[in-house]
Amino acid sequence: MRYLKSVVAGGLGGVLATAGMALAQDTGVGPAPVETAVAVIDKGDVAWMLISTVLVLFMVLPGLSLFYGGLVRAKNMLSVLMQCVTICAVVMIIYVVYGYSLAFGGSTSPYWGGFGKLFLAGVTVDSTVATFTDGVELPEYVFIAFQMTFACITPALIVGAFAERIKFGAVVLFTILWVTLVYFPIAHMVWDANGLIFNGLHAGGVAALDFAGGTVVHINAGIAGLVGALLVGKRTGLGKDMMAPHSMTLTMVGASILWVGWFGFNAGSNLEATSGAALAMINTFTATAGATVAWILIEALARGKASMLGAVSGIIAGLVAVTPAAGLIGPIGAIVLGAIASAACYFFVAVVKPAAGYDDSLDVFGIHGIGGIVGAIGTGIFVSSSLGGIGYADGVSMGGQVYSQIVAVVITIVYCGIVSAILYKIVDLVIGLRPTLESEREGLDLTSHGESAYHS
């Protein structure tokens, strides 16, 4: 979302046209004038955003849940499903209590949104938020719900890094701490009009571009996942026991649901049912196709056979890579970006992870982290009008934009990495991260939840 500053209707005596300025910053068409206008709420925009919000929830429940569930062993299937369900419910409550305020509460701080919207203070059925078109707004409740689903899926992504070997209570406590101290500040810095990265304060005035969450969602989750995998430790029996996915069928179904839901994720981030949403939609098709084909080809050449696991890994790599670029680049550039990201993700999954010896169970860092980094930096390249993108802001060169993207990536990596490590240590001290060896061997479905996914 290029611009996410809420404007309460009536409270300001008019509509601030800063949304137009933000769009101008992305497209390079020059600043729009600030003027007072009568707010318009388009029913088509509202309907599209309601659908997009549900699609993003669909990505987690059941999409990500089945994708992850199929990749683990049968004895841990329900534990993954339970973690995803609980994370969604917990984060929804947190978001309306204080999360929305910390991210978009109206503070002028470049680092956090403040306490102005605690318990959704001031939000009514009549309050609105700005879109990318001057004078066109959305009901604030719609915007809150849409943003809430992003906050839900991000910590749910993290659990794949230490799947099959973490206490349920530890997941819940870590999620509460992490969204509070990592996700909401990064969301504010990247997406809020007062944010450090949105304003370009991090890179000499050149704002970083993140259309739908390359930094906020994917790099954030990937780095937190890597740190978690290292601190939680390897799965018991890794390298000795059979740890192949128990159901590639379910994983393929989950990946397919993720692809469908991602149209809400990417095209919904346009905030309006306009040509911008159409551009984000077609790029979500083409980048994912390019990444999938690239992974299949690389795997076939490297291993002699193309696998279903490889194909779905390519799907996710492409979706991740195009997320920050979805509404900013062209469809052909999206194919190339997806293919490049897929190759990079394959290298980290198939070469770097085994060589380094860390146990990122479901390749959260290898795909979301690396794909997010490639996508974020690649956005600075493929947004060029010479490569089919919408072009740079006035006075911004490709070098300047890429530098801004890199600095934003580094800020996200360093901040998320350090704070996440501290939070894991706190959780370990309070609850403990690992279940007992016996519990892990028996499976978390029975030992944590008293249920089994399958009955013989």
Is there a side-chain hydrogen bond (donor to acceptor under 3.5 Å, both in side chains) between Glu272 and Thr133? Walk through the geometry before answering.
CA-CA 8 Å; Glu272 301 171 77; Thr133 300; 2.7 Å; yes
Hey, is the main chain of Ala207 close enough, under 3.5 Å, to the side chain of Gln401 for a donor-acceptor pair?
yes
List the steps, then state whether side-chain hydrogen bond (donor to acceptor under 3.5 Å, both in side chains) holds for Glu299 with Ser307.
CA-CA 8 Å; Glu299 193 173 56; Ser307 68; 2.9 Å; yes
Got a sec: does the CE of Met252 have more than 12 other heavy atoms crowding it under 6.0 Å?
no
Of all heavy-atom pairs between Met92 and Cys152, which one has the smallest distance, and what is that distance?
CG-SG, 3.7 Å
Could you tell me whether Ile282 atom CD1 has more than 12 heavy atoms of other residues or ligands within 6.0 Å of it?
no
List the atom of Leu209, the atom of Leu328, and the distance in Å for their closest heavy-atom pair.
CB-CD1, 3.7 Å
How are the rings of His368 and Trp262 set relative to one another: parallel (under 30°), tilted (30 to 60°) or perpendicular (over 60°)?
parallel
Pair Val364-Leu226, side-chain contact (heavy atoms from CB on, under 4.5 Å): steps then yes or no:
CA-CA 7 Å; Val364 177; Leu226 176 62; over 6 Å; no
Please check if the side chain of Thr154 supplies one atom and the backbone of Phe150 the other of a donor-acceptor pair under 3.5 Å.
yes
Is a side-chain donor or acceptor of Asn220 paired with a backbone partner of Val216 at a separation under 3.5 angstrom?
yes
Taking the side chain from Asn283 and the backbone from Ala334, do they hold a donor-acceptor pair closer than 3.5 Å?
no
Could you tell me whether Glu440 and Arg434 make a salt bridge, using a distance below 4.0 angstrom between a side-chain N and a carboxylate O?
yes
I'd like to know if the side chain of Ser65 and the backbone of Leu81 have a donor-acceptor N/O pair within less than 3.5 Å.
no
So which atom in Asn266 and which in Ala280 form the shortest heavy-atom distance, rounded to 0.1 Å?
O-CB, 3.8 Å
Main-chain N/O of Val72 paired with His246 side-chain donor or acceptor, under 3.5 Å
yes
side-chain hydrogen bond (donor to acceptor under 3.5 Å, both in side chains) between Ser247 and Thr249: does it pass, once the steps are laid out?
CA-CA 5 Å; Ser247 177; Thr249 301; 4.6 Å; no
Could you list the residues that satisfy ring pair (Phe, Tyr, Trp, His ring centres under 6.0 Å) with Tyr183, not counting sequence neighbours?
none
Which of Trp112, Phe184, Phe143 passes ring-ring contact (aromatic ring centres under 6.0 Å, His included) with Phe104? Answer is Phe143
Under 3.5 Å: donor-acceptor pair, side chain of Glu164, backbone of Arg73:
yes
Can you tell me if CZ on Phe168 sees more than 12 non-hydrogen neighbours from other groups inside 6.0 Å?
yes
Is the number of heavy atoms from other residues, nucleotides or ligands under 6.0 Å of Lys234 NZ greater than 12?
no
Might you work through the side-chain hydrogen bond (donor to acceptor under 3.5 Å, both in side chains) test for Thr108 and Asn194, ending with a clear yes or no?
CA-CA 6 Å; Thr108 57; Asn194 295 309; over 6 Å; no
Would you check if the side chain of Ser385 reaches a backbone N or O of Gly391 as a donor-acceptor pair within less than 3.5 Å?
no
For residues Lys353 and Asp360, report the shortest heavy-atom separation together with the two atoms involved.
NZ-O, 3.2 Å
Could you check whether Tyr111 and His188 have their ring centres less than 6.0 Å apart?
no
Output yes when Arg235 and Asp359 qualify as a salt bridge under the 4.0 Å nitrogen-oxygen rule, no when they do not.
yes
Sorted by chain and number, sequence neighbours left out, side-chain hydrogen bond (donor to acceptor under 3.5 Å, both in side chains) with Ser448 holds for none
Over all heavy atoms of both residues, which pair between Ser361 and Ala163 is shortest? Give the atoms and the distance, please.
OG-O, 3.4 Å
Restricting to non-hydrogen atoms, name the atom on Thr412 and the atom on Ile186 that form the minimum distance, rounded to 0.1 Å.
CA-CD1, 4.3 Å
Looking at Thr323 and Ala212, would you say the former's side chain and the latter's main chain have a donor-acceptor pair under 3.5 Å?
no
Phe115 ring center within less than 6.0 Å of Tyr98 ring center:
no
With under 30° as parallel and over 60° as perpendicular, where do the rings of Phe162 and Phe174 fit, or are they tilted in between?
perpendicular
